[in-house]
Novice: 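Mind looking over this structure? Questions follow.
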Amino acid sequence: MKKTRQANLELLRLLAMVFVVTAHLMNHGNLIGAAKRGTASYYLVWTLFGVSFTCINLYLLISSYFLTESRFSLWKLVKLAVQVLFYALGITAIYWIFTDVPHDLEYLVYSILPISSDFYWFVSMYVGMYVLAPVMNKLILALTKRQLACACALALALVSVWPNIFYFSSALNTAGGVSISWFLTIYLCGAYIRLYYQPDGKFLKWFLPAVGTSLLIPLSRFVIEALLSSPFGAISFLDDLMWGYSVFYVYSSILVTAASIFLFLAFLNLRIAPGRGAGLINRIAGASFGVYLIHDHYYIRESLWTKIDGAAWLGHWYLPFACIGVIAAIYLVCTAIELLRQKLFAPFEKSTAIAGFFQKADDKLKKIWNGD
């Protein structure tokens with residue numbers, strides 16, 4: 001029986017992918033690199049970049065929210081792998097045939113094995129989390145509400161709060177959230193919300209704190225810059241505050257984590273009536289993963305951001321409109337491509353024979369898991 005998508009969380013999924021494209025535009029589009037400190041453009045692009053850091057955590061919260069009470073599906077994993085391979089190898093083939101990019105055999109191998117080769121870092125981490133989900137669920141369901149809350153608090157303290165406070169130490173480093181330890185930490189949080197939080201329809205109760213906390217992300221960078229420009233800047237280890245983009249411009253930072261959770265809770269409480277609007281949201285959001293796989297492919301990324309030079313917009317009144325236009329164009333084009341792919345692959349994905357084969361494999365894995 002096909003599950004009905006929740007339009008409120010699908011809208012959040014859509015927003016999260018908009019944040020992904022925004023972050024890539026700000027970074028790869030040479031906006032944050034070229035913006036001059038003290039200008040209006042500087043504060044705008046760094047604010048957009050900071051707010052967009054919630055994207056990964058939002059995806060993980062949505063995934064864990066549903067995975068907590070669902071069975072492991074080998075068929076679902078295969079469909080994901082096929083989708084990733086389609087774009088990784090397909091786009092590589094197109095560039096090799098129709099452009100003059102170097103035919104690097106090593107890169108071809110990465111394209112053929114996109115999940116194991118870390119072709120898309122998020123996909124590799126996500127698959128790891130998905131495979132470990134049954135183990136996580138066993139542990140989570142064995143805990144009481146208080147114990148799970150303590151587990152969430154302890155995990156967040158170790159891999160989020162600790163690195164932000166003791167930023168000058170490499171201990172408990174989670175690579176800024178690009179690690180399986182961080183994915184599993186967010187999984188715990190999503191599971192707790194799924195099991196013990198009951199939405200009450202009060203959207204603004206959570207949305208306003210989400211906006212406020214999100215804005216603290218760029219504000220933290222501006223404060224650090226001011227601190228380093230003051231006499232305190234003479235303290236050498238304070239330079240580490242600007243590690244990367246800053247200690248708070250990482251997926252696992254305290255501010256990004258809080259903003260992500262608040263935003264997730266806000267959309268859990270957003271009520272969208274069934275109808276065409278909800279159906280359209282579900283349709284577009286259902287293609288969001290394809291948006292990521294297409295526009296962040298190595299060849300696409302290299303050619304796209306070479307042609308789109310965001311630095312040329314800095315200092316002009318049309319900067320925000322140019323950003324919105326480019327983000328919308330990338331999202332819509334990639335969505336159209338993914339919807340076409342879904343239509344082409346529909347016979348394969350809806351095949352009862354293939355699904356039945358993997359269902360039998362799932363049943364065997366379940367027996368092994370249960371010791372039967």
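Everything quoted here is computed from the prediction, not taken from an experiment.
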Novice: Side-chain contact test, heavy atoms from C-beta onward, threshold under 4.5 Å: evaluate it for Ile354 versus Val78 and give yes or no.
Specialist: no

Novice: Quickly, which of Phe122, Tyr59, Phe53 forms a ring pair (Phe, Tyr, Trp, His ring centres under 6.0 Å) with Tyr251? Name it, please.
Specialist: Phe53

Novice: Of all the heavy-atom pairs spanning Asp118 and Ser124, show the shortest one and how long it is.
Specialist: CA-OG, 3.2 Å

Novice: Side-chain contact, heavy-atom cut-off 4.5 Å: Leu85 with Pro114?
Specialist: yes

Novice: Are the side chains of Arg194 and Phe66 in contact, using a 4.5 Å heavy-atom criterion?
Specialist: yes

Novice: Less than 3.5 Å apart, any donor N or O on the side chain of Ser41 or Thr39 sitting next to an acceptor on the other?
Specialist: no

Novice: Could you give the distance from CG (Leu48) to SG (Cys323), rounded to the nearest 0.5 Å?
Specialist: 6.0 Å

Novice: Verify the distance criterion only: is there a donor paired with an acceptor across the side chains of Tyr87 and Asp296 at less than 3.5 Å?
Specialist: no

Novice: Report yes or no: is the cationic atom of Arg37 (NZ for Lys, CZ for Arg) closer than 6.0 Å to the six-membered ring centre of Tyr42, at no more than 45° off its axis?
Specialist: no

Novice: Using a 4.5 Å cut-off on heavy atoms from C-beta on, say whether the side chain of Phe19 contacts that of Ile56.
Specialist: no

Novice: Would you find more than 12 non-hydrogen atoms of other residues, nucleotides or ligands less than 6.0 Å from Phe345 atom CZ?
Specialist: yes

Novice: Give the minimum heavy-atom separation between Ile272 and Ala278, together with the two atoms involved.
Specialist: CG2-CB, 4.1 Å

Novice: Test of understanding: clusters of I, L, V, M, F, W, Y form through side-chain heavy atoms closer than 4.5 Å, transitively. Do Leu304 and Phe98 belong to the same one?
Specialist: no

Novice: Can you give me the closest heavy-atom contact between Leu156 and Thr185, atom names plus distance?
Specialist: CD2-CG2, 3.7 Å

Novice: Under 6.0 Å between the ring centres of Trp206 and Phe264?
Specialist: no

Novice: Do the side chain of Ser160 and the main chain of Ser252 share a donor and acceptor less than 3.5 angstrom apart?
Specialist: yes

Novice: Side chain of Glu10, backbone of Ala7: donor and acceptor closer than 3.5 Å?
Specialist: no

Novice: Under a 3.5 Å distance rule, please check whether Thr213 uses its side chain to pair with a backbone N or O of Pro209 as donor and acceptor.
Specialist: yes

Novice: Working to the nearest 0.5 Å, report the span between CG of Leu141 and OG1 of Thr68.
Specialist: 8.0 Å

Novice: Within the 3.5 Å criterion, strictly below it, is a donor on Trp96 or Tyr299 matched to an acceptor on the partner's side chain?
Specialist: yes

Novice: How about Leu14 and Ser288: do any of their side-chain heavy atoms sit closer than 4.5 Å?
Specialist: no

Novice: Tell me, with the steps shown, if Ser303 and Tyr95 meet side-chain hydrogen bond (donor to acceptor under 3.5 Å, both in side chains).
Specialist: CA-CA 10 Å; Ser303 58; Tyr95 268 79; 2.7 Å; yes

Novice: Could you tell me which non-hydrogen atom of Leu241 sits nearest to which non-hydrogen atom of Leu227, and how far apart they are?
Specialist: CD1-CD2, 4.1 Å

Novice: Do Gln342 and Glu349 pair up side chain to side chain, a donor and an acceptor below 3.5 Å, judged on atom types alone?
Specialist: no

Novice: Look at the side chain of Asn27 and the backbone N and O of Ile32, then say whether any donor-acceptor pair between them is shorter than 3.5 Å.
Specialist: no

Novice: Is there a side chain to side chain contact (heavy atoms under 4.5 Å, CB included) between Ile330 and Ile294? Walk through the geometry before answering.
Specialist: CA-CA 10 Å; Ile330 292 173; Ile294 296 168; over 6 Å; no

Novice: Under 6.0 Å between ring centres, would you say that holds for Tyr43 and Phe222?
Specialist: yes

Novice: Any donor-acceptor pair under 3.5 Å linking the side-chain atoms of Ser111 with those of Tyr298?
Specialist: no

Novice: Quick check: does any side chain N or O of Asn164 sit under 3.5 Å from a backbone N or O of Ser253, one acting as donor and the other as acceptor?
Specialist: no

Novice: Would you call the rings of Trp75 and Phe348 parallel, tilted or perpendicular, taking 30° and 60° as the class edges?
Specialist: perpendicular

Novice: Quick one: does any side-chain atom of Ser63 pair with a main-chain N or O of Leu60 as donor and acceptor, under 3.5 Å?
Specialist: no

Novice: If only side-chain N and O atoms count, and only distance matters, is there a donor-acceptor pair under 3.5 Å linking Asn137 with Tyr187?
Specialist: yes

Novice: Please determine whether side chain to side chain contact (heavy atoms under 4.5 Å, CB included) holds for the pair His295 and Val21, giving the CA-CA distance in whole Å, both sets of side-chain angles, and the decisive distance to 0.1 Å.
Specialist: CA-CA 8 Å; His295 92 277; Val21 179; 3.9 Å; yes

Novice: Without hydrogens or angle criteria, can the side chains of Thr92 and His297 be said to hold a donor-acceptor pair below 3.5 Å?
Specialist: yes

Novice: If we only count heavy atoms from C-beta on, is the Leu108 to Ile112 side-chain gap below 4.5 Å?
Specialist: yes

Novice: Run the numbers on Tyr65 and Leu268 for side chain to side chain contact (heavy atoms under 4.5 Å, CB included), then give the verdict.
Specialist: CA-CA 10 Å; Tyr65 185 78; Leu268 265 181; 3.6 Å; yes

Novice: Would you call Asp362 and Lys76 a salt bridge, taking side-chain N to carboxylate O under 4.0 Å as the test?
Specialist: no

Novice: State, yes or no, whether a side-chain contact exists between Leu61 and Leu12 at a heavy-atom distance under 4.5 Å.
Specialist: no

Novice: When the ring planes of Tyr245 and Phe49 are compared, do they come out parallel, tilted or perpendicular, using 30° and 60° as the limits?
Specialist: perpendicular

Novice: Drop me the distance from Cys334's SG to Met17's CE, to the nearest 0.5 angstrom.
Specialist: 9.5 Å

Novice: Between Ser246 and Met242, is there a donor-acceptor pair closer than 3.5 Å when you use the side chain of the first and the backbone of the second?
Specialist: no

Novice: Is it the case that atom CG in Asp200 sees more than 12 heavy atoms from other parts of the structure closer than 6.0 Å?
Specialist: yes

Novice: Do the side-chain N and O atoms of Tyr110 and Glu106 include a donor-acceptor pair separated by under 3.5 angstrom?
Specialist: yes

Novice: Of all the heavy-atom pairs spanning Tyr249 and Gly50, show the shortest one and how long it is.
Specialist: CE2-CA, 3.3 Å

Novice: Kindly indicate whether the side chain of His24, heavy atoms from C-beta on, has any atom under 4.5 Å from the side chain of Trp305.
Specialist: yes

Novice: Is there a donor-acceptor contact under 3.5 Å from the side chain of Thr54 to the main chain of Ser260?
Specialist: no

Novice: What closest approach, in Å, do Met129 and Phe183 show between heavy atoms, and which atom pair accounts for it?
Specialist: SD-O, 3.7 Å

Novice: So with a 6.0 Å cut-off around OH of Tyr197, is the heavy-atom count from everything else above 12?
Specialist: yes

Novice: With a 3.5 Å distance limit and no angle check, can you tell me whether Asn269 reaches the backbone of Gly201 through a side-chain donor-acceptor pair?
Specialist: yes

Novice: Passes ring pair (Phe, Tyr, Trp, His ring centres under 6.0 Å), Tyr292 versus Trp121? Steps please.
Specialist: CA-CA 11 Å; Tyr292 165 65; Trp121 74 265; 7.9 Å; no

Novice: So Ile115 and Phe119, side chain to side chain contact (heavy atoms under 4.5 Å, CB included) or not? Walk me through it.
Specialist: CA-CA 6 Å; Ile115 295 177; Phe119 192 92; over 6 Å; no

Novice: Are Ile94 and Leu89 connected, step by step, through hydrophobic side chains (Ile, Leu, Val, Met, Phe, Trp, Tyr) whose heavy atoms are closer than 4.5 Å?
Specialist: no

Novice: Determine whether Leu339 and Leu332 fall in the same hydrophobic cluster, where Ile, Leu, Val, Met, Phe, Trp and Tyr are linked whenever their side-chain heavy atoms lie under 4.5 Å apart.
Specialist: no

Novice: Measuring from atom CG of Leu31 to atom CG of Leu44, what distance do you get when rounded to the nearest 0.5 angstrom?
Specialist: 9.0 Å

Novice: Can you measure from CG (Leu9) to CD1 (Ile281) and round to the nearest 0.5 angstrom?
Specialist: 11.5 Å

Novice: Rounded to the nearest 0.5 Å, what separates atom OG in Ser64 from atom CG in Leu188?
Specialist: 9.0 Å

Novice: Are Leu154 and Leu143 connected in a single hydrophobic cluster, I mean Ile/Leu/Val/Met/Phe/Trp/Tyr linked by side-chain heavy atoms less than 4.5 Å apart?
Specialist: yes

